[in-house]
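Along the sequence shown, residues are numbered consecutively beginning with 1.
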Amino acid sequence: MPYFSDELIEEVRSANDIVDVISGYVRLQKKGSNYFGLCPFHNEKSASFSVSQNKQMYYCFGCGAGGNVLTFLMEYENYTFPEAMQALADRAGIRLPEQEQTAAEQREADYRSKLMEVNREAGKYYYMLLRNARGTHAYEYFRGRQLTDETMQKFGLGYADKYSDDLYGYLKSKGYADSLLRDSGLVILDEKRGAHDKFWNRAMFPIMNVHHKIIGFGGRVMGEGEPKYLNSPETQIFEKGRNLYGLNLAKQTRRSQLLLCEGYMDVIVLHQAGFDNAVASLGTSLTSGHASLLKRYTKQVYLTFDSDNAGIKAALRAIPILKEAGIATRVISMKPYKDPDEFIKALGAQAYQERIDQAENSFLFEIRILEQNYNMEDPEGKTAFYRAAAKKLLGFSDEVERNNYIEAIASKYQLGFENLRKLVASASMQADPVKKTVSYKSGSHKKEAAGADGKKKSQKLMLTWLSEDPVLYPLVKDYISPQDFSDAVCAHTAAVLFDQLEKGQLNLAQIPSHFENPEEQREIAAAFHETIQEVRTKEERGRALKDTMIKLKENHLQMLRENHEPDGMQERFQQMVREKKMLEELRKKEFLLPE
């Protein structure tokens, strides 16, 4: 990855006003000191997306998306950091330094660029053929599938001519070498047959990467012939396990989930019906590479696979892969139809939306399919099913989540919560005889989580106070330091913020650049947008600030007390004495703040 100095990053960021940039994507209206609009990262009807010109940051109070202008481009356009830097530098007329490459790296980059160029030329040629007399039967095929001209154009659909060397002749006329055409996967060089096209007499589907660049093709044979569908082979620019059909369009959806299909036509028909969040794997089972790619764009995937046995097996393979990637998954039923294409044609978009709303929890789907392997009319078969379900429940490491699923399955199969819980415990002991089961009192998890949330809230409140009223810093710094922030992101943010305030150089938008992880950048934006309770008088404002400072001090003191590590024990004890004394002083202190 190219290296950019902090100074250059700040120069590029500060040269691009965040309101101006985001206005190019979102319709913003000024309300008070901030601008508001509909969030581009999730579907909403009321504007909760806030852009602060003063802070040069954005934050959505609905979904939690937030950061600076660089973060926005990375999240909206799915740019890498260097790509976002380049886009903003170009916009501001700033020239970025040339990044040095080795001769080998330069040759590889140039060759990849050539492969992209060949694919682009092929895509243009196929596109043209579909729209003249030679492509009439392919055009009629697409029209027969009820695709509009607008949809065909949107997906760049085309036609590969019936002559098996047609594309080869066209690309040779453009001056491309045989070796390059071979490496593109579009041409096969054969001693017996000579050079001939990979695709001929096929309706063509360009496969694009997330940046709308053609990296390969899929082709559906016209008339009889095998295989019915054919994909480009893997090349230097095309890897089936790391690309998804339609993602270049679906990445811009405002829906909260992505729909994962099995075929090109399913994706195209769903987009035409208004479901712009549909994608498909490229003639291969879902891989961990696909899951990682999906995770960059969504936290939820709805499987809309074929309703036959092959589709069910594909769903069962996909669910654990998505779970491993941290993606919540649900399964959409297409019955009595085979796939989304047939379903949409028969029942329409509204009925499909209803199926989305009724989508089944992926684990409960797995249990339902598991049940089909047992004779539930036979007591022995029913017992075997319960034990198999208990083993699957061991996959939940979190006890609260596991208990929720135990409750759901016990209720559905009229087994009783305690009976199923005991089966799970027994299965756990059989899987690991030395494993000890840890039990918790009812509600203890919730209390612990609520306590952690409360501590973090007071830290975020403190950061929001100081970001919105920097004049408070002289009052705060005598009692509060970055050490009082137990959350790692808040502590780092506080350290940078306190340093800026100490120097009188407040620059909030620069802070997210200290973090590479998008989730941490979101947390920073949230930390500067915590809701401060509205108070009218300066006395009330003073008490509110004081309460926040006291909570921060109390939490830090508690953390010191709970640290029983032998190293540094004497130093921690002395620090506890100092902190306790400072807390007592703080409780006696009165703060009068400007109204």
Handout entry: Greater than 12 external heavy atoms within 6.0 Å of K422's NZ
Key = no
Problem - Exercise: do Q272 and T151 side chains pair donor with acceptor under 3.5 Å - result: yes
Practice task
Using a strict cut-off of less than 4.0 Å between a Lys/Arg side-chain nitrogen and an Asp/Glu carboxylate oxygen, indicate whether K345 and E342 qualify as a salt bridge.
Solution key: no
Practice task
Examine the side chains of Q153 and D149 and answer whether a donor and an acceptor come within less than 3.5 Å of each other.
Solution key: no
Practice task
Measure from the side-chain N and O atoms of R112 to the backbone N and O of M116, and report whether any donor-acceptor pair falls under 3.5 Å.
Solution key: no
Practice task
Report yes or no: does T287 contribute a side-chain atom to a donor-acceptor pair with the main-chain N or O of G241 at less than 3.5 Å?
Solution key: yes
Practice task
For residues C60 and S50, determine if any side-chain heavy atom of one lies less than 4.5 Å from a side-chain heavy atom of the other.
Solution key: no
Practice task
Say whether, by atom type as modelled, one donor and one acceptor occur between the side chain of R402 and the main chain of F396 under 3.5 angstrom.
Solution key: yes
Exercise for the section: Report, as yes or no, whether the 6.0 Å neighbourhood of atom CD on Q350 holds more than 12 heavy atoms from other residues, nucleotides or ligands. Expected result: no
Exercise for the section: Give a yes or no on this: more than 12 heavy atoms of other residues, nucleotides or ligands lie within 6.0 Å of atom OH of Y163. Expected result: no
Handout entry: Straight-line distance of N243 CG to I207 CD1, nearest 0.5 Å
Key = 8.0 Å
Exercise for the section: Applying side-chain contact (heavy atoms from CB on, under 4.5 Å), run through W200 and D166 and close with a yes or a no. Expected result: CA-CA 8 Å; W200 51 280; D166 183 65; over 6 Å; no
Exercise for the section: Could you name each residue pair satisfying ring-ring contact (aromatic ring centres under 6.0 Å, His included) that touches residues 300-324, not counting sequence neighbours? Expected result: none
Practice task
Please report the shortest heavy-atom distance between T235 and G185, naming the atom on each side.
Solution key: CG2-N, 4.1 Å
Completion exercise
When rounded to the nearest 0.5 Å, the distance separating CZ of R134 from OG1 of T136 is 11.0 Å
In a table with atom names and distances, give each donor-acceptor pair under 3.5 Å that connects a side chain of residues 260-271 to protein atoms at least two apart or in another chain.
unit_1	atom_1	unit_2	atom_2	d
E262	OE2	D306	N	2.7
Y264	OH	N231	OD1	2.3
D266	OD1	D341	N	3.3
H271	NE2	A278	O	3.0

Problem - K295 side chain vs A325 backbone, donor-acceptor pair below 3.5 Å - result: yes
Handout entry: F142, Y127, Y126 screened by ring pair (Phe, Tyr, Trp, His ring centres under 6.0 Å) with F205, the one that passes
Key = F142
Exercise for the section: Look only at the side chain of N277 and the backbone of R254, and say whether a donor-acceptor pair between them is shorter than 3.5 Å. Expected result: no
Handout entry: Flag side-chain contact, heavy atom, 4.5 Å: Y159 against Y139
Key = no
Problem - P233 side chain reached by K198 side chain, heavy atoms, under 4.5 Å - result: yes
Fill in the blank from the handout: Between G219 and F199 the two heavy atoms that sit nearest each other are N-CE2, 3.9 Å
Practice task
Decide side-chain contact (heavy atoms from CB on, under 4.5 Å) for Y229 and V221; before the verdict, give the C-alpha distance in whole Å, the side-chain angles of both, and the deciding distance to 0.1 Å.
Solution key: CA-CA 7 Å; Y229 278 96; V221 70; over 6 Å; no
Problem - Neighbour count >12 (heavy atoms, 6.0 Å) for atom CG, N309 - result: no
Handout entry: Gap between atom CD of E224 and atom NZ of K228 - 0.5 Å precision
Key = 10.0 Å
Exercise for the section: Look at atom NZ of K313 and say whether more than 12 heavy atoms of other residues, nucleotides or ligands are closer to it than 6.0 Å. Expected result: no
Handout entry: Side chains of Y111 and D183, donor plus acceptor under 3.5 Å
Key = yes
Exercise for the section: Taking the side chain as every heavy atom from C-beta outward, state whether Y352 and I332 have any pair of such atoms under 4.5 Å apart. Expected result: yes
Fill in the blank from the handout: Between I406 and R421 the two heavy atoms that sit nearest each other are CG2-N, 4.0 Å
Problem - Full working for side-chain contact (heavy atoms from CB on, under 4.5 Å) between H196 and V187 - result: CA-CA 6 Å; H196 59 279; V187 171; over 6 Å; no
Problem - Sub-4.5 Å side-chain heavy-atom contact between L282 and L244 - result: no
Practice task
Kindly indicate whether the side chain of L364, heavy atoms from C-beta on, has any atom under 4.5 Å from the side chain of I409.
Solution key: yes
Handout entry: Exam field: side chain R182 to backbone A195, donor-acceptor pair closer than 3.5 Å
Key = no
Exercise for the section: For the residue pair F61 and H529, categorise the inter-ring angle as parallel (less than 30°), tilted (30 to 60°) or perpendicular (more than 60°). Expected result: perpendicular
Practice task
Return each pair, listed once, that meets salt bridge (Lys or Arg N to Asp or Glu O under 4.0 Å) where at least one residue sits in residues 362-380; pairs must be two or more places apart or across chains.
Solution key: E360-R368, E366-K392
Handout entry: CD on E121 to CG on L167, rounded to 0.5 Å
Key = 10.0 Å
Practice task
Can you see which heavy atom on A525 is nearest to which on Y58, and at what distance?
Solution key: CB-O, 3.8 Å
Practice task
Answer yes or no: is there a donor N or O on one side and an acceptor on the other, between the side chain of K251 and the main chain of V210, under 3.5 Å?
Solution key: yes
Practice task
Could you tell me whether a side-chain N or O of S307 sits under 3.5 Å from a main-chain N or O of Y337, the two making a donor and an acceptor?
Solution key: yes
Handout entry: Pair S281-Y245, side-chain donor/acceptor within less than 3.5 Å
Key = no
Handout entry: Nearest heavy-atom neighbours spanning S232 and F238
Key = O-CE2, 3.3 Å
Handout entry: Backbone N/O of M222 and side chain of N201: donor-acceptor pair under 3.5 Å
Key = yes
Exercise for the section: Report yes if the distance between the aromatic ring centroids of F49 and Y59 is under 6.0 Å, otherwise no. Expected result: no
Problem - CD/Q252: more than 12 non-hydrogen atoms of other groups inside 6.0 Å - result: yes
Practice task
Evaluate the criterion side-chain contact (heavy atoms from CB on, under 4.5 Å) for residue pair E523 and V489; output intermediate values, then yes/no.
Solution key: CA-CA 7 Å; E523 285 188 44; V489 173; 3.9 Å; yes
Problem - Main-chain N/O of I327 paired with T329 side-chain donor or acceptor, under 3.5 Å - result: yes
Handout entry: Any side-chain heavy-atom pair of Y405 and N361 under 4.5 Å
Key = yes
Practice task
Starting at CG of L316, measure out to OG of S362 and round the result to the nearest 0.5 Å.
Solution key: 10.0 Å
Exercise for the section: First locate atom CD of Q430, then atom OG of S426, and finally report the distance between them rounded to the nearest 0.5 Å. Expected result: 4.5 Å
Fill in the blank from the handout: Nearest heavy-atom contact between G289 and R242 is CA-NH1, 4.1 Å
Exercise for the section: Would you mind reporting whether F275 and I356 have side-chain heavy atoms less than 4.5 Å apart? Expected result: yes
Exercise for the section: Answer with yes or no whether the side chains of D197 and S164 bring together a donor and an acceptor at under 3.5 Å. Expected result: no
Practice task
Using a cut-off of 6.0 Å, state whether more than 12 heavy atoms not belonging to R143 lie near its atom CZ.
Solution key: yes
